[in-house]
Chemist: 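There's a structure below that I have some questions on.
Model, not experiment: these values are computed from the prediction.
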Amino acid sequence: MRFKQKLLGAGFALAIAVSGSAQAQTFVNVLTGGTSGVYYPLGVALSQIYGKSLPGSKTSVQATKASVENLNLLEAGKGEIGFTLGDALSQAWTGVADAGYPKPLQKLRGVAGIYPNYIQIVANASSGIKTLADLKGKRISVGAPKSGTELNARAILNAAGLQYSDFAKVEYLAFGESVDLMKNRQLDATLQSAGLGVASIKDLATSVDITVVAVPPEVIAKIGDAAYQPGTIPAGTYKGQDAPTPTAAINNFLVTHAGVPDDVVYGMTKSLFDNLDGMVSAHAAAKDIKLDKAVAGMPVPLHPGAEKFYREKGLVK
């Protein structure tokens, strides 16, 4: 009987130890985008940073349809941090049904403003497309349905006086799939909202001659959304792009939700800015991640954990 009691006691102690270990473990699922975009390699780098800097952490990376899906997953508690475009984030906070948010996503909390996305409209040179007006009657891909890219496509094309019905064909595809169809001459153009030097367009430019289509400032002004600002795709960003190309830029953000503990979000925020070199190694777009711009234009409330970090840095009073 005494031996049995000792055995039961040992089992109980082991159960407590296991339970305590499980409670101490921090799970961080990073929500990204398609594997041929910019969110994914940066998300992988972020996951690796968190795996090393957050005590007891178990990290994972999830490829998604990007902004809209990420925000809905965060609202449902199915991720700890995710990438999103600024306009998608502001629409999620207010609840714009047509953008993929039947009701406001009020659990979202901001972590950091990161780098700008650039609207990159690329056409096969053989299509004869040189301007936005030339897209009429052509075959185009506008991104996955209700993704951040597709929301950008609607805004840009509408401001240019174009509706989806004006095209010979509209495909709703991720970056890599769009490029595959362009290589096979099944599409004339693709609109991709991403950081500069996105892998999908680099791949396309090495296979076919391309034209990068300008988005003039007057078109950007017609959108009527402060999230869209004039930007430039520098000459030489892609093979065959010999001149700088004006376009629209939209800032990206890292977002979490209110249910993630303050200390975890503090650690995620701090380790991001402590390890920017690792982010830049993953993709050059991360060169634009600046601490002094991290809280500018944030469309949702900061998470208290992130706010604590920025207060320590003198960015929040």
Side-chain angles (χ1 to χ4, degrees), residues 26-64 66-67 70 79-86 109-118 120 175 192-203 231-234 236-238 249-256 260 263-298 302-303 305-316:
T26 300
F27 292 91
V28 179
N29 185 28
V30 183
L31 305 174
T32 60
T35 56
S36 58
V38 176
Y39 286 173
Y40 188 79
L42 289 183
V44 171
L46 201 57
S47 174
Q48 292 170 344
I49 289 167
Y50 291 162
K52 294 176 182 177
S53 62
L54 300 180
S57 63
K58 182 175 181 181
T59 62
S60 58
V61 180
Q62 185 173 340
T64 68
S67 298
N70 290 350
E80 283 63 51
I81 192 166
F83 292 77
T84 181
L85 278 164
R109 296 294 183 269
V111 174
I114 42 177
Y115 66 92
N117 260 24
Y118 293 80
Q120 300 172 72
F175 294 173
Q192 303 194 359
S193 178
L196 295 173
V198 62
S200 53
I201 299 178
K202 279 192 169 183
D203 176 31
T232 301
I233 304 171
T237 300
Y238 302 106
I250 309 103
N251 207 32
N252 285 287
F253 293 87
L254 283 170
V255 183
T256 185
V260 181
D263 61 331
V264 174
V265 177
Y266 174 86
M268 290 195 298
T269 310
K270 183 178 187 302
S271 58
L272 164 67
F273 289 102
D274 285 348
N275 295 277
L276 286 179
D277 54 342
M279 299 292 282
V280 173
S281 295
H283 200 286
K287 290 179 181 178
D288 287 327
I289 302 177
K290 308 291 184 184
L291 177 60
D292 60 355
K293 297 179 180 178
V295 298
M298 178 68 72
L302 280 171
H303 190 286
E307 186 175 340
K308 177 185 175 183
F309 172 76
Y310 296 127
R311 186 172 286 111
E312 290 176 353
K313 295 296 182 180
L315 296 175
V316 172

Chemist: Rounded to the nearest 0.5 Å, how far apart are CZ of Arg109 and CD of Glu307?
Modeler: 11.0 Å
Chemist: Calculate, to the nearest 0.5 Å, the distance between atoms OG1 and NZ belonging to Thr269 and Lys313 respectively.
Modeler: 12.0 Å
Chemist: So, using salt bridge (Lys or Arg N to Asp or Glu O under 4.0 Å) as the criterion, who are the partners of Lys308 when residues are at least two apart?
Modeler: none
Chemist: List for me each residue that meets salt bridge (Lys or Arg N to Asp or Glu O under 4.0 Å) alongside Asp203, sequence neighbours excluded, and say none if there are none.
Modeler: Lys183
Chemist: Hey, could you give me the OG1/CG distance between Thr32 and Leu42, rounded to the nearest 0.5 Å?
Modeler: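 These two atoms lie 9.5 Å from each other.
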Chemist: Kindly determine whether Asn70 and Thr84 satisfy side chain to side chain contact (heavy atoms under 4.5 Å, CB included), including the steps that lead there.
Modeler: CA-CA 7 Å; Asn70 290 350; Thr84 181; 5.6 Å; no
Chemist: Walk me through whether Val198 and Tyr238 qualify under side chain to side chain contact (heavy atoms under 4.5 Å, CB included).
Modeler: CA-CA 9 Å; Val198 62; Tyr238 302 106; 3.4 Å; yes
Chemist: Any idea which heavy atoms bring Pro116 and Asn251 closest together, and the distance?
Modeler: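 Reported closest heavy-atom pair: N-OD1, 3.6 Å.
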Chemist: Write down the atom of His303, the atom of Val260, and the distance for their closest heavy-atom approach.
Modeler: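 Distance-wise, the nearest heavy atoms are NE2-O, 2.7 Å.
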Chemist: Just to verify, what does Phe175 make a ring-ring contact (aromatic ring centres under 6.0 Å, His included) with, not counting sequence neighbours?
Modeler: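 Phe175: no ring-ring contact (aromatic ring centres under 6.0 Å, His included) contacts found.
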Chemist: Can you give me the closest heavy-atom contact between Tyr266 and Glu312, atom names plus distance?
Modeler: OH-OE1, 2.6 Å
Chemist: Indicate yes or no for a side-chain donor-acceptor contact from Gln120 to the backbone of Ala194 under 3.5 Å, with no hydrogens or angles considered.
Modeler: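 Yes; judged by distance alone, with no hydrogens or angles, the pair exists.
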Chemist: According to ring-ring contact (aromatic ring centres under 6.0 Å, His included), who are the partners of Tyr40, at least two apart in sequence or on a separate chain?
Modeler: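 For Tyr40 there are no ring-ring contact (aromatic ring centres under 6.0 Å, His included) partners, ignoring immediate neighbours.
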Chemist: Could you tell me whether a side-chain N or O of Asn252 sits under 3.5 Å from a main-chain N or O of Tyr115, the two making a donor and an acceptor?
Modeler: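 Confirmed, Asn252 side chain pairs with Tyr115 backbone.
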Chemist: Are side-chain heavy atoms of Leu254 and Leu46 found at a separation under 4.5 Å?
Modeler: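 In short, these two side chains touch, coming nearer than 4.5 Å.
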Chemist: Nearest 0.5 Å, please: how far is CD1 in Ile49 from CG in Asn275?
Modeler: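 Between atom CG of Asn275 and atom CD1 of Ile49 there are 4.5 Å.
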Chemist: Could you tell me which residues satisfy side chain to side chain contact (heavy atoms under 4.5 Å, CB included) with Ser47, sequence neighbours excluded, listed by chain and number?
Modeler: Val30, Thr59, Val61
Chemist: What donor-acceptor contacts under 3.5 angstrom involve side-chain atoms of residues 276-291, with partners at least two apart or in another chain?
Modeler:
| from | atom 1 | to | atom 2 | distance (Å) |
| --- | --- | --- | --- | --- |
| Ser281 | OG | Asp277 | O | 3.0 |
| His283 | ND1 | Ala285 | N | 3.0 |
| Lys290 | NZ | Lys287 | O | 3.2 |

Chemist: Search all heavy atoms of Ser67 against all heavy atoms of Tyr39 and return the closest pair with its distance.
Modeler: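 Between these two residues, the closest heavy atoms are OG-OH, 3.7 Å.
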Chemist: On a heavy-atom basis, which atom in Tyr310 and which in Ala112 lie closest, and how many Å separate them?
Modeler: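 For Tyr310 versus Ala112, the nearest heavy atoms are OH-CB, 3.2 Å.
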Chemist: What closest approach, in Å, do Gly79 and Leu31 show between heavy atoms, and which atom pair accounts for it?
Modeler: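 Smallest heavy-atom distance, with atoms named: CA-CD1, 4.2 Å.
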Chemist: For the atom pair OH (Tyr118) and OG1 (Thr237), what is the distance rounded to the nearest 0.5 Å?
Modeler: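 Here the rounded value is 9.0 Å.
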Chemist: So Leu85 and Ser193, do their side chains get closer than 4.5 Å, heavy atoms only?
Modeler: yes
Chemist: Do Glu80 and Tyr50 pair up side chain to side chain, a donor and an acceptor below 3.5 Å, judged on atom types alone?
Modeler: no
